[in-house]
Amino acid sequence: MKLNESFYQGNNVVKIAKELLGKGLFTKINNKTLGGMIVETEAYSHVEKGCHAYQKKKTIRNEVMFKHGGHAYVYVCYGIHNLFNVVTNEEDEADAVLIRALEPVKGIEWMKKNSNTSNEKRITSGPGKLTKALGIDRSHNADLLWSEHIWLEDLGIIIPKRQIVSSPRIGIDYAGEDALLPWRFSIKGNVWVSK
DNA sequence: TAGAGGATTGAT
DNA sequence: TCAATCCTCTAC
C-alpha cells in the first residue's frame, strides 16, 4: 500500500526519518518496477545549518523543499550524483529526509545493470548509488510520491525502536555544531547500510 | 559574469 | 587521499 499524503505532512522531520526505515521506495522505468526497503535516512530541517533551506532561504535548487510534504526533492551533488529526498511538513516549512540506503527487493537484476556492477551489495548502499540503480534523476524532482513512476510504500514491516541506530549526519562539516546532531538513522546490523 | 564548492563514490 | 564533474550560489 502506498504511503498517503498525511504520512509526510507531520511537523517532526526527525520522527518521520525514523518512521521511513522499513518502508519501500520504488520506481517504474520502462515498465519495470525497481526498488527496495529503506534502511538508512537522514533528517534535514530549515532550523539547522546542514540543510539546503537553512533559515528558509529559497533558491532555484531547493524550491521543492518549500512545497507540502510528499514531494520528491532530487538534486545533483558534486556534479555527478543524484540525491533523493522526501519532502515533509506543511507548505513553506522546508524539511526533508535524505534516503541514504536501501535493501534491494524488486528488479534486482535490472538495478545491477543500471549500476553497471554485478555486486548486489554495491547497488543501493549509498545515496548516490541507489538513485542510479532505481533510475532516479532530476526529472523526478517535484514529483509526488504516490505517482505511477516513483512512490513510497508501507511494506507492513515495523522496525522496533531498539533496532534503530542514530548517529551524526555524513558530509556536512560546514554545518558547524549542527553537524553533530544525531539525525542519521539506520537499521541496526543491516548489511545494506552505506559505509 | 566569474569563481568556489558541494547531503559522493571508486580508484590509487 | 584524490579526482571526477556540473550546476548552483555568491560576490563583484
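In what follows, chains are A, B, ... by sequence order, proteins preceding strands, each numbered from 1. Keep in mind that this is a model prediction, so the values were computed, not measured. Just so it is clear, the values below take in all heavy atoms, side chains as well, and ignore hydrogens, waters and symmetry mates.
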Practice task
Would you say whether A/Tyr44 stacks on B/dA7? The test is a distance between ring centres of less than 5.5 Å and an angle between planes of less than 30°.
Solution key: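 A/Tyr44 ring centre within cut-off of B/dA7 base, planes near parallel; stacks.
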Problem - Distance test, side-chain N/O of A/Arg138 to OP1/OP2 of C/dC7, below 4.0 Å - result: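 It does, given that an N or O in the side chain of A/Arg138 lies less than 4.0 Å from OP1 or OP2 of C/dC7.
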Handout entry: Short side-chain N/O contact from A/Lys195 to OP1 or OP2 of B/dT8, under 4.0 Å
Key =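 Answer is no, no contact under 4.0 Å.
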Problem - Salt bridge A/Glu42-A/Arg100, side-chain N to carboxylate O under 4.0 Å - result: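 A salt bridge links A/Glu42 with A/Arg100.
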Problem - Near-ring test A/His140/A/Phe84, centroid separation under 6.0 angstrom - result: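 Centroid separation for A/Phe84 and A/His140: 6.0 Å or greater.
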Problem - Shortest non-hydrogen separation from A/Asn141 to A/Val74 and the atoms involved - result: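 Nearest pair, atom of A/Asn141 first, then A/Val74: OD1-N, 2.9 Å.
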Could you list all N or O pairs between the protein and nucleotides 10-12 of chain C that sit under 3.5 Å apart?
from	atom 1	to	atom 2	distance (Å)
C/dT10	OP1	A/Lys57	NZ	3.1

Problem - Spacing of the C1' atoms in B/dG5 and C/dC2 (rounded, Å) - result: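 Those two atoms are separated by 16 Å.
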Distance, rounded to the nearest Å, where [X] contributes [atom1] and [N] contributes [atom2]:
{"X": "A/Asp173", "N": "B/dG5", "atom1": "CG", "atom2": "C1'", "value": "14 Å"}
{"X": "A/Arg61", "N": "B/dG5", "atom1": "CZ", "atom2": "C1'", "value": "10 Å"}
{"X": "A/His52", "N": "C/dC7", "atom1": "NE2", "atom2": "C1'", "value": "12 Å"}
{"X": "A/Ile170", "N": "B/dG6", "atom1": "CD1", "atom2": "P", "value": "16 Å"}

Practice task
For DNA chain C, find the residues of residues 80-113 of chain A with a heavy-atom distance under 4.0 Å and give them by number; none if there aren't any.
Solution key: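 The stretch gives A/Ile80 as the residues lying under 4.0 Å from the strand, ordered by number.
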How about [X] and [Y]: do any of their side-chain heavy atoms sit closer than 4.5 Å?
{"X": "A/Leu134", "Y": "A/Leu102", "answer": "yes"}
{"X": "A/Ile170", "Y": "A/Arg184", "answer": "yes"}
{"X": "A/Arg169", "Y": "A/Leu181", "answer": "yes"}

Fill in the blank from the handout: Output field dot_bracket for DNA chain B (Watson-Crick or G-U, both distances under 3.5 Å, | for other-strand pairs) contains ||||||.||||.
Problem - Selection from B/dA7, C/dT8, B/dA11 that lies nearest to any side-chain heavy atom of A/Arg122 - result: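 Selected nucleotide: B/dA11.
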Practice task
Mark yes or no for whether A/Glu103, through its side chain, and A/Met37, through its backbone, hold a donor-acceptor pair below 3.5 Å.
Solution key: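 Absent.
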Problem - Euclidean distance, A/Ser125 OG relative to A/Trp192 CH2, rounded to 0.5 Å - result: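 Separation between the atoms: 8.0 Å.
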Practice task
Would you tell me whether A/Asn119 and A/Thr117 have side-chain atoms, one donor and one acceptor, within less than 3.5 Å of each other?
Solution key: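 Not at all, the side chains of A/Asn119 and A/Thr117 share no donor-acceptor pair under 3.5 Å.
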Practice task
For the pair A/Trp146 and A/His68, name the ring-plane relationship: parallel under 30°, tilted 30 to 60°, perpendicular over 60°.
Solution key: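 A/Trp146 vs A/His68 ring planes: parallel.
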Handout entry: Verdict with supporting geometry, A/Glu120 and A/Ile108, side-chain contact (heavy atoms from CB on, under 4.5 Å)
Key = CA-CA 8 Å; A/Glu120 209 164 289; A/Ile108 295 176; 3.8 Å; yes
